[in-house]
Amino acid sequence: MGRKGDGFPAYRGEMEYVCQGCGSRFPAAELHYTCPDCSGVFLLEDRRFAELAETSGETWREIFDARAASKHPALQGIFRFYELVAPILEPEDIVSPGEGQTPVVRANPDLEERVGRPLAFKNEGQNPSASFKDRGMACAFSYLKSLLRHKQWERLLTVCASTGDTSASAAMYAAYVGHPVTSVVLLPQGKVTPQQLAQPLGSGARVLELPGVFDDCMKVVEYLADNYPVALLNSKNSWRILGQETYAFEVAQWADWQTGDKTVFVPVGNAGNISAIMAGFLKLHRLGIIGELPQIFGVQSSHADPVYRYYSAPRGQRRYEPVSVSPSVAQAAMIGNPVSFPRVRALAEQYRSQAGESGFQVVQVSEQEIVEGMLEANRQGHIACTQGGESLAGLLRAVREGAVSREKTAVLNATAHSLKFQSFQQMYFQDSFSPEYDIEPRSELINQPQRIQGGDASPEADREVFVSQAAAEIMDKLGLSGA
Ligand SMILES: *Cc1c(COP(=O)(O)O)cnc(C)c1O
Ligand SMILES: [Zn+2]
């Protein structure tokens, strides 16, 4: 591959939107959210992708390995894999405030023994807004920046309806791009936690509260997109899916491109992430960058499991039906009618044609398994959120069902930082889940702060006596005798 002097790739592709509903194609020069013909969702494709296959897989591996040492600011994050992401962008378009290149952390011997095979967490919570959503936003905002340059727009409103990680990420990226972008976040009034409000407010987004529930906000947002010049950043936006493919590229690179002996576990909500991860591995396989596809498991809670239900029916009898959800600790995946389901169906078909039926599977787990997956992971030194716990629960379930071989290393997607979802840990420790969650805390996993009195002395009255009495009390509590 030719290069420009500064190390930025010379290759330019021709991107187009491909509708997963009717198959229509539209050039990427225009901003599309959904298909103008049928309202279907898009995936983005590079018409020149076949030319990339003229470079050998080995050469690509060398290019991406060498690029890991690049100092070019536009190649530090997800655009390390520029040619496979959005090769229509120029370096000045690229918005990359530190997303991607997240660590893959191998589990300690205790956890591996419990699971009975090697496993590692990929810590997506170490992205800048503390979830994997930053990968997709980096791509979406870079594309928007290129549109601003080409079209010389004086103002751009980016809009999303989300109570969680999408709005946090969108607001952060918009703030980083700055003028002329204004980020607008629509939230259902009184239905979000202080933490969910804090990130977009802190990034300076316009946060608008509407009466109603989340779905009402979503309808307003889509009406805005249909009738006004705004850019919608919900996960129907195909530029986000494209950016999220880089998760697969990073897993493959971490594995030194040996993916045939890996299994990848991904929690599924709106199903954008699992679509992107399948699409990413398929790209690497098509270019010969990896020889064998890893096995992929989607994981869903029994409280929100439409994708699991679809794939648990035998081939030929599968019918997609939205489900009504019950409260879930995997709140970011608590979705009964995933917008990316058509993407999953199309990509799973391709994936299974390459990797066999067992190459893509969906497992179902209980709320109890999810929350305890998180707690047990974090007690072994990880930083999993509830959805990361769902990944571990999915692995344990797949092991029990005999669906994964003992030789394969499992890579678990820890999709956000544990701190974002600490309210569920709190509910477990305080045994305060409402009955719909179906969660019975086990005492050995509960951890609560313990009060030390310091005997009869007070720190103000007699500090020395207080210190020695408190120390004695602490050693006594810990079951250790005095020095
Ligand atoms: C968005 C999100 C999910 C669900 O991902 P989908 O792409 O909607 O399937 C899971 N975990 C976290 C932390 C998220 O923010
Ligand atoms: Zn269409």
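When reading the values below, keep in mind they use all heavy atoms of this one structure, side chains included, and skip hydrogens, waters and symmetry mates.
Formation of a donor-acceptor pair under 3.5 Å by the R343 side chain with backbone atoms of K236 is found in this model. K283 places no side-chain N or O within donor-acceptor distance of the main-chain N or O of A279, the cut-off being under 3.5 Å. Proximity of a side-chain donor or acceptor of S56 to a complementary backbone N or O of T59 within less than 3.5 Å is detected. At distances below 3.5 Å, at least one donor-acceptor pair connects side-chain atoms of R117 with backbone N or O atoms of V404. Listed for the E367 side chain is a donor-acceptor partner under 3.5 Å among the backbone atoms of V329. The backbone N or O of S301 sits less than 3.5 Å from a side-chain atom of E390, completing a donor-acceptor pair. Listed for the E112 side chain is a donor-acceptor partner under 3.5 Å among the backbone atoms of L119. The backbone N or O of P322 lies less than 3.5 Å from no partner atom in the side chain of N337, so there is not a single donor-acceptor pair. In this structure a side-chain-to-backbone donor-acceptor pair under 3.5 Å is missing from S169 to T166. With N273 contributing its side chain and P267 its backbone, the two residues share no donor-acceptor pair below 3.5 Å.
Side chains of Q368 and S366: a donor-acceptor N/O pair is absent below 3.5 angstrom, by distance only. Side-chain atoms of E124 and T102 form a donor-acceptor pair, as typed in the model, at a separation below 3.5 Å.
More than 12 heavy atoms of other residues, nucleotides or ligands sit less than 6.0 Å from atom CZ of R400. In the displayed structure, Q448 atom CD is contacted under 6.0 Å by more than 12 heavy atoms of other residues, nucleotides or ligands. Counting heavy-atom neighbours within 6.0 Å of R47 CZ, excluding the residue itself, gives a total of 12 or less. Around the CD atom of E349, the shell of radius 6.0 Å holds no more than 12 heavy atoms that belong to other residues, nucleotides or ligands. Within 6.0 Å of the CD atom in E440, the count of heavy atoms belonging to other residues, nucleotides or ligands does not exceed 12.
Taking the six-membered ring for Trp, F249 and F64 have ring centres at least 6.0 Å apart. When ring centroids are compared, F341 and Y320 come within the 6.0 Å threshold.
Note that the CG atom of L52 and the CD1 atom of I289 stand 8.5 Å from one another [nearest 0.5 Å]. We find the CD-CD distance between E250 and Q101 to be 4.0 Å, quoted to the nearest 0.5 Å. Here the CZ atom belonging to R286 is positioned 5.5 Å from the CD atom belonging to Q350, to the nearest 0.5 angstrom. For the atom pair F42 CZ and S24 OG, the distance stands at 7.5 Å (nearest 0.5 Å). In this structure, CG on L293 lies 8.5 Å from CZ on F281, to the nearest 0.5 angstrom. A distance of 8.5 Å separates CD of E376 from CD of E444, quoted to the nearest 0.5 Å.
The ring pair (Phe, Tyr, Trp, His ring centres under 6.0 Å) contacts involving residues 354-379 comprise Y311-F360, where partners must be two or more places apart or lie in separate chains.
Side-chain contact check for E473 versus D476: every heavy-atom pair is 4.5 Å or farther apart. Between Q300 and R309, every side-chain heavy-atom pair lies at or beyond the 4.5 Å cut-off. Contact check for L144 versus W239: no side-chain heavy atoms found under the 4.5 Å cut-off. Taking the side chain as every heavy atom from C-beta outward, M137 and R240 approach each other to under 4.5 Å. Inter-residue side-chain proximity for S358 and Q295 is flagged as met; some heavy-atom pair is nearer than 4.5 Å. Residues K122 and N413 have side chains not in contact (no heavy-atom distance under 4.5 Å, counting atoms from C-beta outward). For the pair M374/Y428, no side-chain contact is recorded, criterion being any heavy-atom separation below 4.5 Å from C-beta on. L392 is listed as a side-chain neighbour of V115, based on a closest heavy-atom distance under 4.5 Å.
Among all heavy-atom pairs drawn from A313 and R318, the shortest one is O-NE, 3.1 Å. Contact between M172 and P97 at its shortest, heavy atoms only, is CE-CG, 3.7 Å.
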Assess whether side-chain contact (heavy atoms from CB on, under 4.5 Å) is satisfied between Q354 and L282, documenting all intermediate values.
CA-CA 9 Å; Q354 300 292 319; L282 283 167; 4.1 Å; yes
For L284 and L84, what are the C-alpha separation, side-chain angles and deciding distance, and is it a side-chain contact (heavy atoms from CB on, under 4.5 Å)?
CA-CA 9 Å; L284 296 179; L84 311 187; 3.8 Å; yes
Test D438 against H303 for side-chain contact (heavy atoms from CB on, under 4.5 Å), laying out the working first.
CA-CA 10 Å; D438 264 332; H303 286 190; 4.0 Å; yes
Please determine whether side-chain contact (heavy atoms from CB on, under 4.5 Å) holds for the pair H382 and L111, giving the CA-CA distance in whole Å, both sets of side-chain angles, and the decisive distance to 0.1 Å.
CA-CA 11 Å; H382 298 282; L111 187 54; 4.0 Å; yes
Salt bridge (charged side-chain N to carboxylate O under 4.0 Å, His left out), that's the test. Do R25 and E45 meet it? Break it down for me.
CA-CA 10 Å; R25 291 173 173 259; E45 282 180 20; 3.3 Å; yes
Q380 vs R114, test: side chain to side chain donor-acceptor pair (under 3.5 Å). Steps then yes/no.
CA-CA 11 Å; Q380 306 295 337; R114 156 134 168 60; over 6 Å; no
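When the options S162, S167, S203 are evaluated for a side-chain contact (heavy atoms from CB on, under 4.5 Å) with V185, the one that passes is S167. Each of V41, N237, L233, V221 was compared with Y33 under the side-chain contact (heavy atoms from CB on, under 4.5 Å) criterion, and only N237 meets it.
The aromatic rings of Y82 and F79 sit tilted, their planes meeting at an angle between 30° and 60°. The aromatic rings of Y143 and Y17 sit perpendicular, their planes meeting at an angle over 60°, well past the 30° parallel limit.
We find that K262 and E292 are not joined by a salt bridge, their nearest charged nitrogen and carboxylate oxygen being 4.0 Å or further apart.
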